[in-house]
Amino acid sequence: ISKQFAEYLEVIDTNGEKNWLIVPVGADWTDNSRVLGFYNPLSDNGAGKYEKTGIIKLIERANNNPEIPYFLILDEMNLSHVERYFSDFLSHMETPDTPFKLDGYRNKEDGDESTGKLPYPENLFVIGTVNIDETTYMFSPKVLDRANVVEFKPDKNDILNMFSAASQEIKIVPVKSGVAEAFLRLAKEIRSGKSNVTELQVEEIRNVFTAIYDITEKNGYEFAYRTVREIRQYLSAACELSGQWDDAEMYRAIDEQLLQKVLPKIHGNRKEIGNMLDELQEICKKNGKELELSGRKIEQMKGKLATVQYASFI
């Protein structure tokens with residue numbers, strides 16, 4: 001899905017390079033050299049050279065083409081501890097105006113030469129794919145705060161139908177010229193505060209998340225500024241893309257954000273989270289405005305809590 005999305009918004013730049021890159025993460029990624037490269041003093045017969053990764057080259061292309069969105073897809077992102085190799089990215093997501101500082105790095109484009117500094121491009125979007133099993137690592141709150149967790153569970157019939165027919169690969173045709181650029185423009189506008197959500201809808205959204213905050217705060221799982229900001233941006237984007245945002249669509253977006261931004265951080269034993277899950281489930285069913293996706297996930301977590309006395313989002 002990540003690859004197909006990038007292919008859909010594919011743009012070929014003036015150098016014939018695509019605006020997306022898939023990078024498989026390895027279990028041996030214990031520092032940021034696999035992401036941001038390193039200076040090798042033995043290269044070029046001892047003259048020294050900065051060894052650039054594919055990610056560095058993608059960032060350079062994004063900086064050189066600020067009107068085009070660029071997509072970095074990290075495959076199997078949690079085969080190693082994310083904080084070990086991705087900490088620089090996590091920091092620069094909060095301070096995008098601060099460049100990466102890389103010892104020995106040098107970039108020369110169109111006569112402009114910079115030493116040791118690589119600007120963080122605001123047109124770069126990072127997607128990480130993960131599987132959860134005994135060989136992978138769970139995400140820390142620091143990572144979850146900066147991400148929307150989208151869980152995919154295939155339908156039973158889709159799985160069993162594979163016995164009778166092989167799946168067919170979908171050929172993605174890139175959209176017409178200008179659509180990828182429009183995607184980026186909208187993203188920038190929403191980041192800068194654009195929102196067509198009405199004052200009444202904002203008040204209703206605030207009421208729902210106030211109730212959620214009060215419940216989670218009692219148990220040490222309250223959310224902070226970053227989470228609220230990203231939820232607001234998500235709701236603004238949902239409103240913009242829907243054309244005409246009614247209450248049903250608004251509650252669907254609220255449901256998605258409760259599921260993607262709040263519930264993934266919750267984990268613990270029955271004493272720690274049992275009552276909290278019960279109260280959150282009531283919120284999901286309140287006033288006839290059922291938050292179906294979140295309610296179903298909470299029910300799954302409660303089932304696990306009853307069986308093994310411990311539950312988490314995954």
Side-chain angles (χ1 to χ4, degrees), residues 2-3 5-7 9-129 142-143 146-147 174 180-181 183-185 187-188 191-192:
S2 302
K3 179 175 178 287
F5 178 73
E7 289 175 333
L9 293 178
E10 181 177 288
V11 176
I12 305 298
D13 64 23
T14 54
N15 294 322
E17 299 280 1
K18 296 184 294 187
N19 64 329
W20 58 275
L21 176 69
I22 296 179
V23 179
V25 173
D28 59 342
W29 285 31
T30 57
D31 58 39
N32 67 0
S33 62
R34 302 300 185 96
V35 177
L36 295 175
F38 62 95
Y39 180 73
N40 185 354
L42 302 179
S43 287
D44 286 355
N45 296 319
K49 176 184 176 183
Y50 196 88
E51 302 291 349
K52 296 181 180 180
T53 63
I55 295 175
I56 283 276
K57 295 175 182 178
L58 183 74
I59 292 174
E60 290 177 342
R61 297 202 302 273
N63 283 323
N64 294 331
N65 299 279
E67 75 287 351
I68 298 174
Y70 280 76
F71 302 96
L72 169 61
I73 302 172
L74 296 173
D75 190 31
E76 301 285 1
M77 189 178 187
N78 60 336
L79 277 179
S80 180
H81 287 289
V82 176
E83 297 83 354
R84 292 181 178 175
Y85 67 86
F86 211 59
S87 58
D88 291 281
F89 263 86
L90 296 176
S91 175
H92 283 79
M93 286 177 180
E94 296 301 302
T95 56
D97 55 333
T98 303
F100 293 107
K101 295 182 180 180
L102 309 172
D103 291 339
Y105 172 79
R106 185 180 293 271
N107 182 34
K108 182 182 289 186
E109 283 288 341
D110 300 326
D112 176 44
E113 187 173 310
S114 60
T115 303
K117 295 182 179 180
L118 176 65
Y120 183 90
E122 62 177 350
N123 55 330
L124 178 66
F125 298 84
V126 181
I127 305 170
T129 68
K142 181 178 181 180
V143 177
R146 291 163 174 79
E181 292 83 349
F183 166 87
L184 177 60
R185 285 196 300 272
K188 289 181 177 179
R191 289 174 189 164
S192 65

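Counting from 1, the numbers follow the sequence of the chain as shown. For the numbers below, each heavy atom of this structure counts, side chains included, while hydrogens, waters and symmetry mates do not.
You'll find the side chain of Asp75 stays beyond 4.5 Å of the side chain of Val23, heavy atoms only. With a 4.5 Å cut-off on side-chain heavy atoms, Val11 and Tyr70 do not count as touching. With a 4.5 Å cut-off on side-chain heavy atoms, Val82 and Lys142 do not count as touching. You'll find the side chain of Pro99 stays beyond 4.5 Å of the side chain of Tyr120, heavy atoms only. Counting heavy atoms from C-beta outward, Leu72 and Ile55 have side chains that approach closer than 4.5 Å. Using a 4.5 Å heavy-atom cutoff, the side chains of Thr53 and Arg34 are not in contact. Taking the side chain as every heavy atom from C-beta outward, Ile22 and Leu74 never approach each other to under 4.5 Å. The closest side-chain heavy-atom distance from Leu102 to Tyr50 is below 4.5 Å.
In this model, a donor atom of one side chain and an acceptor atom of the other lie less than 3.5 Å apart for Glu51 and Ser43. Neither side chain, Trp20 nor Glu7, offers a donor N or O lying under 3.5 Å from an acceptor on the other.
If you take CG on Leu36 and OH on Tyr85, they are separated by 12.0 Å, rounding to the nearest 0.5 Å. To the nearest 0.5 angstrom, Lys49 atom NZ is 14.0 Å from Arg106 atom CZ. If you take CZ on Phe71 and NZ on Lys3, they are separated by 14.5 Å, rounding to the nearest 0.5 Å. Taking CD of Glu60 as the start and CG of Asn64 as the end, the distance is 7.5 Å to the nearest 0.5 Å. Between the CD1 atom of Ile12 and the CG atom of Asn19 there is a distance of 7.0 Å, given to the nearest 0.5 Å. The structure places CG of Asn40 at 11.5 Å from OG of Ser33, a figure rounded to the nearest 0.5 Å.
The aromatic ring centroids of Phe100 and Tyr105 lie 6.0 Å or more from each other.
Contact record, Asn63 with Pro121: OD1-CB, 3.4 Å, taken as the closest heavy-atom pair. For the residue pair Thr129 and Ser2, the shortest heavy atom distance occurs at CG2-OG, 3.6 Å. Shown here for His92 and Thr98, the closest heavy-atom pair between the two residues is CD2-O, 2.7 Å.
Asp13 and Lys18 are not joined by a salt bridge, as no carboxylate oxygen comes within less than 4.0 angstrom of a charged side-chain nitrogen.
Enclosure of atom CD in Glu17 by more than 12 non-hydrogen atoms of other residues, nucleotides or ligands within 6.0 angstrom is indicated.
Residue pairs meeting the salt bridge (Lys or Arg N to Asp or Glu O under 4.0 Å) criterion with at least one member in residues 77-103, sequence neighbours excluded, are Glu94-Arg146, Glu94-Arg226, Glu94-Arg229.
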